[in-house]
Amino acid sequence: MVKTSVLHQPHLLIPHEDHSQQTQESISLKLKEQECMSLSKKCSSLKELKQVHCHIVKFGLFCSSLCSSNLLLSCVQSSWGSMDYACSIFNQIDDPGCFEFNMMIRGYVRDMDFDEALFLYHQMLDMEVVPDNFTYPFLLKACARLRDVKKGVQIHGHVFKYGYEDDVFVQNSLINFYGKCGELRECCCVFEKMEQRSVASWSALIAAHARNGLWVECVGSFRDMIREGCWRPEESILVSVLSACTNLGDYNTGQCTHGNLIRNMCGHNVVVETSLLDMYLKCGYLKKGLYLFDSMVEKNHLTYSVMISGLATHGCGAEALVVFSKMLKEGLEPDDVVYVGVLTACSHAGLVEEGLQLFNRIKNEHMIEPTIQHYGCLVDLLGRAGRLDEALQVIKNMPMEPNDVVWRSLLGACKTFSNIQLGEIAAEKLMQMKLINASDFLVLSHIYAEARRWKDVAITRTKMAESGLTQTPGFSFVEVKKKIYKFVSQDMAWPQCNGVYDMLHQMEWQLKFEGYSADTSQVLLDVDEEEKMERLSRRSQKLAIAFALIHTSEGSPIRIHGQNVSELLVHVGLVMPASPNVTANRLESSGNRKSRKQHSLGPAIIRVAYQS
DNA sequence: TTAGGGTTAG
């Protein structure tokens, strides 16, 4: 279709009524002014805008604020607009006012030229042009993007000076600015002082908490928002809240959010559904995740990425590779993160040859330069398969300096395959990097203990103490009847301990009957087998399971949590929900128990397996 | 007479 230029509509430019000489001239000018304004709005390209600009100049109308302002507006707000051209229009305006400055500031912010936007603001003040309530949201956005607290605080001062502290748009911009800069105290302070809040105010606050990892506060703000009746199911809010639920392992709120979504949101939304999928998978609900994944109308590369990593974490390596093939068939290009998921899947499922082939495809087929994470996966893949020398060769030949994660991965593999020599090399590297932790020392002493080199065990323990590192006893939380209970390994002082230890013995007897024998080599002490068995039975997860078996009914679910999540929840008095898909006497492992994380795969939720 | 806030997922 050939587009007709706005200038090829002559009726728009010609005045048609007949009046007395003076009135006629005035009306004619007015009409021309209105028509030029109308033409500015109708422009669909910079070329057309330039033509309209010519006509405005030709009719002597550029001094009309109506014409020049609308021309500038059109140039700044259109997708085809140009700040260079906007600048030439602006420079031709004799006496630019607040609106013109606002438009220029807005344009610079849109073009990510934040310093220029702030410079223009100061020029505006120098020219004694008084800013208005529209000026500040643009400026605060610039400061937020720059993460420049100092400049933003100055602007906040100007907001007070010019009396716009009660403008809801300015306040929302301030919440966003402080949130993006990590200044949560100021962020909440602005929010608290607001007399009227919009959905955007809540959205900015919720996003600020989520962005800064304040997951409990994020979910709390979401609940407050619903309580105050200021609720609208919006993508950004739902995604922030789901992200918080995922990190907290708060399946209950996550599921309620899903319910809200079904009731209030029209149709499917790939972004929200992908967040939901991530929440289900990281909370341990693989079946629900798979159901959601299959029912999704639209899937993008992030959806596939979440599903692949989720399957990998749950120990379903082969299934993860099927999803990866499906992704490629859909024509979606994998990125570096997808490949981390794919390699993790291979690593956890022992698919060594497939993993090696896939590693080569990263660069050869998809032109992605392998990152240190990919090399880490490769070391892990070979290490888990017992190909320790090859893993060391990968470390030696990788194009970047190996980090602690890579050496730790090799150290872990050395423990699995009892390789003292390489284990010592890996531990030494970690020491040289000054990144060795208590767990690394313990792994090394485990390697020595297995070889019954008790002297080296003692030396390693001494080195650990000399490094100021101490072994903190493991602890687990279990949720029973909406209350969370904490169990510390080897702790005999718990009030309910009699019942718990009776149950532990019952569990052990039943496991023995099923043919399970405990691996006492995990106990690094030079004590007899009976003592080792006793120590194993007092691990915090087992204590928690025993307690839950006593206090829950047959078939009800048991969820055990690691310290990171539950400590936080206990602190704020939140309780974790029960999961409906795990039965108490048939717990499933959420993946290969020997698996170690190469990258963050979610909260520290442990689904404990005590079957052999 | 024109303009402003929240963009979140692996």
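As a basis for the values below, the full set of heavy atoms in this structure was taken, side chains included, without hydrogen atoms, waters or symmetry mates. Here the structure is a predicted model, which is why all the values come from computation and not from measurement. Throughout, protein chains are lettered first and strands after them, A, B, ... in sequence-line order, and every chain is numbered starting at 1.
Remark: the A/E333 side chain and the A/H366 side chain contain an N/O donor-acceptor pair separated by less than 3.5 Å. Under 3.5 Å, the side chains of A/T371 and A/D336 contain no donor-acceptor pair of N or O atoms. A/H156 and A/Y136 share no donor-acceptor pair across their side chains, judged by distance under 3.5 Å alone. Checked by atom type, the side-chain pair A/N176/A/S173 shows no donor-acceptor distance below 3.5 Å.
The side chain of A/P137 has B/dG4 as its nearest neighbour among B/dA9, B/dG10, B/dG4. Closest contact between the side chain of A/K180 and the listed nucleotides B/dT8, B/dG10, B/dT7 involves B/dT7. Closest to the side chain of A/A200, from the set B/dG5, B/dG10, B/dA9, is B/dG5. Among B/dT2, B/dA9, B/dG4, the nucleotide with an atom closest to any side-chain atom of A/L73 is B/dT2. Side-chain atoms of A/N172 lie closest to B/dG5 of the nucleotides B/dG10, B/dG5, B/dG4. For A/E235, the listed nucleotide lying nearest its side chain is B/dT8; candidates were B/dT1, B/dG5, B/dT8. When distances are taken from the side chain of A/L302 to each of B/dA9, B/dG5, B/dT8, the shortest belongs to B/dA9. Counting only heavy atoms from C-beta on, A/V170 has its side chain closest to B/dG4 among B/dG4, B/dG5, B/dT2.
Residue A/F99 and nucleotide B/dT2 are classified as a stacked aromatic pair, their ring centres being separated by less than 5.5 Å at an interplanar angle below 30°.
Under the 6.0 Å cut-off for aromatic ring centres, A/Y164 and A/H158 do not qualify, their centroids lying 6.0 Å or more apart. Side-chain rings of A/F101 and A/F134 stay apart, their centers remaining 6.0 Å or farther from each other. Note: A/W202 and A/F191 meet the aromatic proximity criterion, with ring centroids under 6.0 Å apart. For A/Y251 and A/Y285, the distance between ring centers is under 6.0 angstrom. No close placement of the A/F119 and A/Y108 rings is indicated, their centers lying 6.0 Å or farther apart.
At a cut-off of 3.5 angstrom, the base of B/dG10 holds no donor-acceptor pair with the side chain of A/S309. For a distance-only test at 3.5 Å, the side chain of A/S173 fails to qualify as a donor-acceptor partner of the base of B/dG5.
To the nearest angstrom, C1' of B/dT1 lies 14 Å from CD1 of A/I93. If you measure from atom CG of A/D278 to atom P of B/dG10, you get 5 Å, rounded to the nearest angstrom. The CZ-P distance, from A/R211 to B/dA9, rounds to 9 Å in whole Å. Here B/dA9 presents its P atom at 20 Å from CG of A/L332, a figure rounded to the nearest Å. Spacing between atom CD of A/E165 and atom P of B/dG5 amounts to 20 Å, rounded to whole angstrom units. Here the C1' atom of nucleotide B/dA3 and the OH atom of A/Y164 are 14 Å apart, to the nearest Å. Rounded to an integer number of Å, the gap from CZ of A/F177 to P of B/dG4 is 21 Å. When the P atom of B/dA9 is taken as reference, atom OH of A/Y304 falls 21 Å away, rounded to whole Å.
When the shell of 6.0 Å around CD of A/E228 is examined, it contains more than 12 heavy atoms from other residues, nucleotides or ligands.
Here A/K141 reaches the OP1 or OP2 of B/dG5: one of its side-chain N or O atoms lies under 4.0 Å away.
Among the heavy atoms of the strands, none lies under 4.0 Å from A/V272. Counting non-hydrogen atoms under 4.0 angstrom, A/S275 reaches the backbone sugars and phosphates but no base. A/V241 comes within contact range of no nucleotide atom at all, as no heavy-atom separation falls under 4.0 Å. Note on A/V168: a base of the nucleic acid sits closer than 4.0 angstrom, heavy atoms only.
Using a 4.0 Å cut-off between charged nitrogen and carboxylate oxygen, A/K363 and A/E369 count as a salt-bridge pair.
Applying a 4.0 Å cut-off to non-hydrogen atoms, the residues of residues 101-111 of chain A that approach DNA chain B are A/N102, A/M103, A/R106, listed by residue number. Taken residue by residue, residues 125-135 of chain A places heavy atoms nearer than 4.0 Å to DNA chain B at A/D132, A/N133, A/F134.
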